[in-house]
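This report concerns only the one structure given below.
Everything numeric here is computed off the predicted structure, so don't read it as measured data. These values consider heavy atoms only, across backbone and side chains, with no hydrogens, waters or symmetry-generated copies.
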Amino acid sequence: MKRILVTGGLGYIGSHSVVELQQSGYDVVIVDNLSNSRRDVIDNIEAVTSVRPAFEEVDCTDMAAMQAVFDKYEGIQAIIHFAASKAVGESVQKPLLYYRNNIVSMLNLLELMPRYGVKGLVFSSSCTVYGEPDVLPVTEDAPIKPATSPYGNTKQINEEIIRDFVKVTEGVSAIMLRYFNPIGAHPSALLGELPNGVPQNLVPYITQTAIGIRKELSVFGDDYDTPDGSCIRDYINVVDLAKAHVVAIDRILAGKQDERVEVFNIGTGRGLSVLELVDLFQKATGVKLNYKIVGRREGDIEKVWADPRKANEVLGWKATTPVDETLLSAWRWQEKLREKGIQ
Ligand code: NAD
Ligand code: WQD
């Protein structure tokens with residue numbers, strides 16, 4: 001069985017990806033420091049797949065501990081690197097925490113790859129690297145815009161570090177996946193997003209409002225240059241997104257890459273406004289949502305959605321889950337959290 005190291009594998013996207021990897025026959029080793037996840041996610045992964053993944057509670061910034069993981073689990077063939085701090089606002093307040101966590105983790109992994117004969121890396125990048133795109137839908141060769149937060153900057157810097165390193169390191173290759181806006185939960189309602197404190201992202205805020213944890217959703221701005229005035233994003237189902245990681249790993253291990261560093265947009269190709277999403281949520285769940293229009297949120301992009309054709313054609317991956325199904329899965333997950341008394 002092919003062994004894959006998944007950093008941040010107990011997190012939101014990581015846990016869904018571990019499920020898909022296991023269901024595709026991969027042997028998964030998870031490294032997570034539990035800074036933004038819970039240990040019992042392992043039980044839920046096992047409940048879905050009937051396979052308990054190996055887990056090490058290790059911080060990726062700890063080089064000695066990471067080396068010990070590679071010593072313990074021989075024959076790791078590729079790494080999917082999810083582990084990172086990801087709250088945009090917090091990164092503005094605590095830049096060094098973000099630079100240290102996100103950059104040092106990456107440096108450690110890259111340094112260990114050739115030492116342990118690891119062939120490939122899949123890196124969690126983000127559409128945030130495009131900033132406010134000049135042309136929509138945005139393609140992979142669109143210019144990278146100056147980052148507007150330390151978090152966003154760590155994605156750009158890590159992409160550059162990966163390129164520089166792979167260029168001079170034989171036997172190592174990488175795929176950088178630029179995710180658009182991941183939403184939803186596993187259809188089993190056993191895995192999903194666990195926001196820390198007040199959610200900053202739209203869908204967790206919607207589901208927490210719908211269930212009564214929050215009084216009302218604030219829609220940040222209705223005076224943008226969009227059909228209904230609210231911002232437009234490309235919302236990608238988290239299981240569809242997880243599957244993109246499996247095909248990326250397949251591609252690396254099969255030696256099928258056209259270039260040693262490849263980058264793919266992972267989105268649906270469809271832009272939805274905040275107000276459209278709210279409406280779709282209400283229709284999909286039958287739950288009425290309290291919301292009000294408020295002023296713009298500082299730093300928000302007006303509109304961005306993916307041109308996913310490269311991923312469709314080259315990776316053979318496509319987003320398939322209808323958005324109403326995705327929103328319903330997010331709602332079922334929120335209901336499950338209430339049932340368990342978690343949120
Ligand atoms: P998440 O916070 O749910 O998962 C990240 C996991 O990494 C958590 O379990 C956390 O405990 C762990 N972690 C953090 N720092 C670590 C460290 N130093 N060592 C070990 N474990 C560590 O976040 P997510 O939404 O699943 O995001 C996964 C990746 O995808 C991140 O790199 C994120 O930047 C990127 N991404 C996320 C989004 C999004 O909207 N969720 C969009 C684009 C890119
Ligand atoms: C979506 C839309 C808000 C909350 C962020 C990061 C980005 C990426 C994904 C990782 C926007 C609106 C939101 C609310 C609202 N992460 N909104 N009321 O801003 O596209 O991107 O997460 O790489 O880097 O910046 O996602 O979910 O925060 O917002 O009206 O309470 O919902 O204005 O238009 P965003 P989001």
Side-chain angles (χ1 to χ4, degrees), residues 4-18 21 28-38 41 55-63 65-66 69 78-113 118 120-130 144 147-163 165 174-183 191-197 199-201 204 236 238 241-242 244-245 248-249 261 263-264 266:
I4 310 295
L5 176 70
V6 180
T7 74
L10 297 187
Y12 173 45
I13 305 166
S15 57
H16 289 83
S17 301
V18 169
L21 286 164
V28 175
V29 178
I30 295 175
V31 162
D32 201 301
N33 66 357
L34 303 177
S35 58
N36 198 33
S37 52
R38 294 163 55 108
V41 171
F55 169 61
E56 296 293 331
E57 185 180 341
V58 161
D59 192 312
C60 296
T61 63
D62 182 342
M63 185 54 152
M66 285 305 293
V69 170
I79 302 170
I80 308 183
H81 182 39
F82 293 105
S85 305
K86 66 160 181 177
V88 176
E90 186 188 45
S91 80
V92 175
Q93 299 308 317
K94 300 175 182 168
L96 298 189
L97 190 147
Y98 275 66
Y99 284 116
R100 182 179 297 280
N101 198 35
N102 295 4
I103 307 293
V104 175
S105 295
M106 186 80 259
L107 296 177
N108 285 348
L109 287 171
L110 290 176
E111 214 171 305
L112 290 165
M113 285 178 71
V118 181
L121 171 78
V122 176
F123 173 61
S124 299
S125 192
S126 166
C127 68
T128 190
V129 303
Y130 299 120
I144 301 299
T148 54
S149 72
Y151 166 75
N153 208 15
T154 67
K155 292 297 171 196
Q156 299 196 0
I157 294 169
N158 275 336
E159 285 202 4
E160 288 178 15
I161 292 173
I162 292 167
R163 284 188 200 283
F165 182 72
I175 292 183
M176 313 200 281
L177 300 179
R178 292 180 181 155
Y179 314 156
F180 281 66
N181 288 57
I183 63 165
L191 299 167
E193 192 169 3
L194 277 171
N196 210 347
Q200 306 301 308
N201 295 116
I236 169 80
V238 68
L241 170 60
H245 295 80
I249 288 288
V261 178
V263 40
F264 296 99
I266 303 297

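Every residue meeting the side-chain hydrogen bond (donor to acceptor under 3.5 Å, both in side chains) condition with Ser124, not counting sequence neighbours, appears here in chain and number order: Tyr179. Asn108 is linked by a side-chain contact (heavy atoms from CB on, under 4.5 Å) to Met63, Val104, counting only residues two or more places apart in sequence or in another chain. For Thr128, the side-chain hydrogen bond (donor to acceptor under 3.5 Å, both in side chains) test picks out no residue, with sequence neighbours left out. Contacts of Glu56 classified as side-chain contact (heavy atoms from CB on, under 4.5 Å), with partners at least two apart in sequence or in another chain: Val31, Val58, Val69, Lys72, Tyr73. Every residue two or more places apart in sequence or in another chain that forms a side-chain contact (heavy atoms from CB on, under 4.5 Å) with Asn158 is listed here: Asn102, Ile103, Met106, Phe123, Ile161. Residues meeting the side-chain hydrogen bond (donor to acceptor under 3.5 Å, both in side chains) test with Glu57, sequence neighbours left out: Arg39. For Ser15, the side-chain contact (heavy atoms from CB on, under 4.5 Å) test picks out Val41, Ile45, Leu191, with sequence neighbours left out. Partners of Glu160 by salt bridge (Lys or Arg N to Asp or Glu O under 4.0 Å), not counting sequence neighbours: none found. In terms of the salt bridge (Lys or Arg N to Asp or Glu O under 4.0 Å) criterion, Arg100 has no residue partners (sequence neighbours excluded).
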Expected list for residues 83-93: side-chain donor-acceptor pairs under 3.5 angstrom, two or more places apart:
residue : atom : partner : partner atom : Å
Ser85   : OG   : Asn101  : ND2          : 2.8
Glu90   : OE1  : Tyr98   : OH           : 2.5
Ser91   : OG   : Val88   : O            : 2.7
Ser91   : OG   : Tyr151  : N            : 3.0

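Residues in residues 29-38 take part in these salt bridge (Lys or Arg N to Asp or Glu O under 4.0 Å) pairs, two or more places apart or across chains: Arg38-Asp40. Applying the salt bridge (Lys or Arg N to Asp or Glu O under 4.0 Å) test to pairs two or more places apart or on separate chains, none has a residue in residues 147-158.
Using a 4.5 Å cut-off on side-chain heavy atoms (C-beta onward), Leu5 and Met66 make contact. Using a 4.5 Å heavy-atom cutoff, the side chains of Val261 and Val263 are not in contact. Counting only heavy atoms from C-beta outward, the side chains of Asn201 and Glu193 approach each other to under 4.5 Å. Annotation: side chain of Leu121 is in contact with side chain of His81 (closest heavy-atom distance under 4.5 Å). Inter-residue side-chain proximity for Leu194 and Tyr12 is flagged as unmet; no heavy-atom pair is nearer than 4.5 Å. Side-chain atoms of Arg178 and Glu159, non-hydrogen and from C-beta on, do get closer than 4.5 Å to each other. In this structure, Ile249 and Val122 have side chains that are in contact, with non-hydrogen atoms separated by less than 4.5 Å.
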